[in-house]
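Following: one structure in structure tokens, then a few remarks.
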Amino acid sequence: MPMPIYLDNHATTRVDPRVLDAMWPYFGEQYGNASSRHHVFGRAAEQAVETAREQVANLIGASPREIVFTSGATESNNLALKGVLARVGSPEAHVITGVTEHHAVLDPLARLERQGYRITRLPVDRYGCIDPAQVEAAFTEQTVLVSLMAANNEIGTLHPVEEIGRLCKRRGVLFHTDAAQAVGKIPLDVEAMGIDLLSLSGHKIYGPKGVGALYVRRRGPTVRLDALFDGGGHERGLRSGTLNVPGIVGLGAACALCAEELPVEAERLIRLRNRLRDGIIEGTEGVTLNGHPTQRLPGNLNLSFAWVRGEALLMGLRGVAVSSGAACTSANPEPSYVLRALGVDDELAQASLRFGLGRFTTAEEIESVIAEVCRVLQQIRSLSPSYQLHRSS
Ligand SMILES: *Cc1c(COP(=O)(O)O)cnc(C)c1O
């Protein structure tokens, strides 16, 4: 049984062999602690970390001193949200976010809400987009922070980050964006976009798992936050704990590759993604696109299929590794809250697939996926009473 074709690049990506090459020495002879500045082992590690810091900063238009290394986007989001509110200190503080955010934003905010802070969750339109006018209307005297993702992990929809940033600047409100899916895939610039805090993750950009970063603006305004944990005072006191040197080196290398290859890679992925979309739509019927037709991540395609059940679809697609629009964590699959927020009905939401194309996806793979999806749909529908009813009507 050959390995299936990997189209789940929103869940995680393969480490780029060039990233792995950059990391190896730091598992081997370069094993120093980046805080041990008094000997050559430590200094070599520190130097590698500082190079990585520049590589990360460079990808998002930040300065290296604004980058805090973390264990990933989940931690970065927690540090940004809890850190800012802890420092603000006012129990009246108000935060604006959206209903389609990742759990790594929704859940820390839910906890903060239980502690008494005010949270407004904005709805989205049928494409999963936030209207900046709604952000503006939601501001109160107590608003201290807006947290809206740059790109959605299920439907790929891009938020108007620059407009939201401008609104926040005008109000003097901090703007955090979870950019785990957007970094390295679309151009991002924290200065041009008025971003004050930005979360990113290594394993979404062909780097290692368990490493990420939080961008924290230092000037205009200076963002102040409390750390999540206390210890040796690493990362300017914002993230104590011995630095994950190999991971950080890998994250840096991954960012450098993204910066270099982004324009060409994005164009290639858009072409492959559109071919996949058109191939499936032409090859079968009852297909609808979820998310925005154009304002979406290059590698993202999210489709719903009429007259099939979600589980049957996933079971049938043996040769393709994809995610479905249902949370399969329980015995009764719940339709995705993101698709629900767009107004997709539960049955269609359950019968949806998220295709995540990536750096290592080939044109041949896309052709086989088109063929397999159409074949499996036909097979399932031939047994489906609702499809037979549709055919005879
Ligand atoms: C993957 C992802 C996260 C979590 O990142 P980790 O590095 O795995 O903690 C957060 N937000 C979004 C949008 C993601 O896609």
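Note that ligands are numbered from 1 as they come in the structure, with each ligand's atoms numbered from 1 the same way. Index from 1, following the sequence.
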List below, pair by pair, the N or O atoms of ligand 1 and of the protein that are less than 3.5 Å apart, including the distance to 0.1 Å; reply 'none' if no pair qualifies.
from	atom 1	to	atom 2	distance (Å)
ligand 1	7 (O)	Ala73	N	2.9
ligand 1	7 (O)	Ser201	OG	2.6
ligand 1	8 (O)	His203	NE2	2.8
ligand 1	9 (O)	Thr74	N	2.9
ligand 1	9 (O)	Thr74	OG1	2.6
ligand 1	11 (N)	Asp178	OD1	3.3
ligand 1	11 (N)	Asp178	OD2	2.6
ligand 1	15 (O)	Gln181	NE2	2.7
ligand 1	15 (O)	Lys204	NZ	2.7

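- A side-chain N or O of Thr70 and one of Ser76 form a donor-acceptor pair less than 3.5 Å apart.
- Salt-bridge formation is not detected for the pair Arg219/Glu191: no Lys NZ or Arg NE/NH1/NH2 atom is positioned less than 4.0 Å from an Asp or Glu carboxylate oxygen.
- Using a cutoff of 4.0 Å between basic side-chain nitrogens and carboxylate oxygens, Arg275 and Glu367 are scored as salt-bridged.
- In this structure, Asn152 contributes its side chain and Thr100 its backbone to a donor-acceptor pair below 3.5 Å.
- In terms of modelled atom types and a separation under 3.5 Å, the side chain of Tyr206 and the main chain of Arg359 share a donor-acceptor contact.
- Between Tyr6 and Phe360, a ring centre-to-centre spacing not shorter than 6.0 Å is recorded.
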